[in-house]
Amino acid sequence: MILGCDRCGQRFVSVFTELIDWIDGEDPQYWTLLPITEGEAGELLQTGDRTTEAQLNALGPDRRCLMHDYPKEGPKRTKWGSGIWVGPHD
């Protein structure tokens, strides 16, 4: 998904993944938010549902991102990372 800040107009690519186990509803979830340029946003909008993980991984591998990790067990974590991260998913 591509998001944008209402105040400054900065665009972000948001990747949410979940690994469904069908047991008790507490499925692990991963979310990454990475700032992107207008040009990158335009390219992603053009490819739409055909965007591949490789294309996402190529977005600013050294660029700072915000990562949320909600494992099935253990503490939830939010941290700064680099590049986009597509977590485990079905």
Path from L3 to V15 over hydrophobic side-chain contacts below 4.5 Å: no
Residues which pass salt bridge (Lys or Arg N to Asp or Glu O under 4.0 Å) with [X], listed by chain and number, not counting sequence neighbours:
| X | value |
| --- | --- |
| R63 | E40 |
| R50 | none |
| E38 | R11 |

Please name all residues satisfying side-chain hydrogen bond (donor to acceptor under 3.5 Å, both in side chains) with S14, sequence neighbours left out, ordered by chain then number. W31
Residues in side-chain hydrogen bond (donor to acceptor under 3.5 Å, both in side chains) contact with R7, at least two apart in sequence or another chain: none
Does Q29 reach the main-chain N or O of L19 with its side chain, forming a donor-acceptor pair under 3.5 Å? no
Closest non-hydrogen atom pair, [X] against [Y]:
| X | Y | result |
| --- | --- | --- |
| L33 | F12 | CD1-CB, 3.6 Å |
| P61 | S82 | O-CB, 3.6 Å |
| G60 | L34 | O-CD1, 4.4 Å |

Atom [atom1] of [X] and atom [atom2] of [Y]: how far apart are they, to the nearest 0.5 Å?
| X | Y | atom1 | atom2 | answer |
| --- | --- | --- | --- | --- |
| I84 | N57 | CD1 | CG | 8.0 Å |
| H68 | T32 | NE2 | OG1 | 8.5 Å |
| M67 | R77 | CE | CZ | 9.0 Å |
| Y30 | F16 | OH | CZ | 10.5 Å |

I'd like to know whether K76 forms a side chain to side chain contact (heavy atoms under 4.5 Å, CB included) with T78, so could you lay out the CA-CA distance, the side-chain angles of the two residues, the decisive distance to 0.1 Å, and finally the verdict. CA-CA 7 Å; K76 297 176 181 174; T78 298; over 6 Å; no
With sequence neighbours left out, write down each residue that passes side chain to side chain contact (heavy atoms under 4.5 Å, CB included) with E43, or none if nothing qualifies. none
Can you name the one residue among D49, L45, T51 that meets side-chain contact (heavy atoms from CB on, under 4.5 Å) with T47? T51
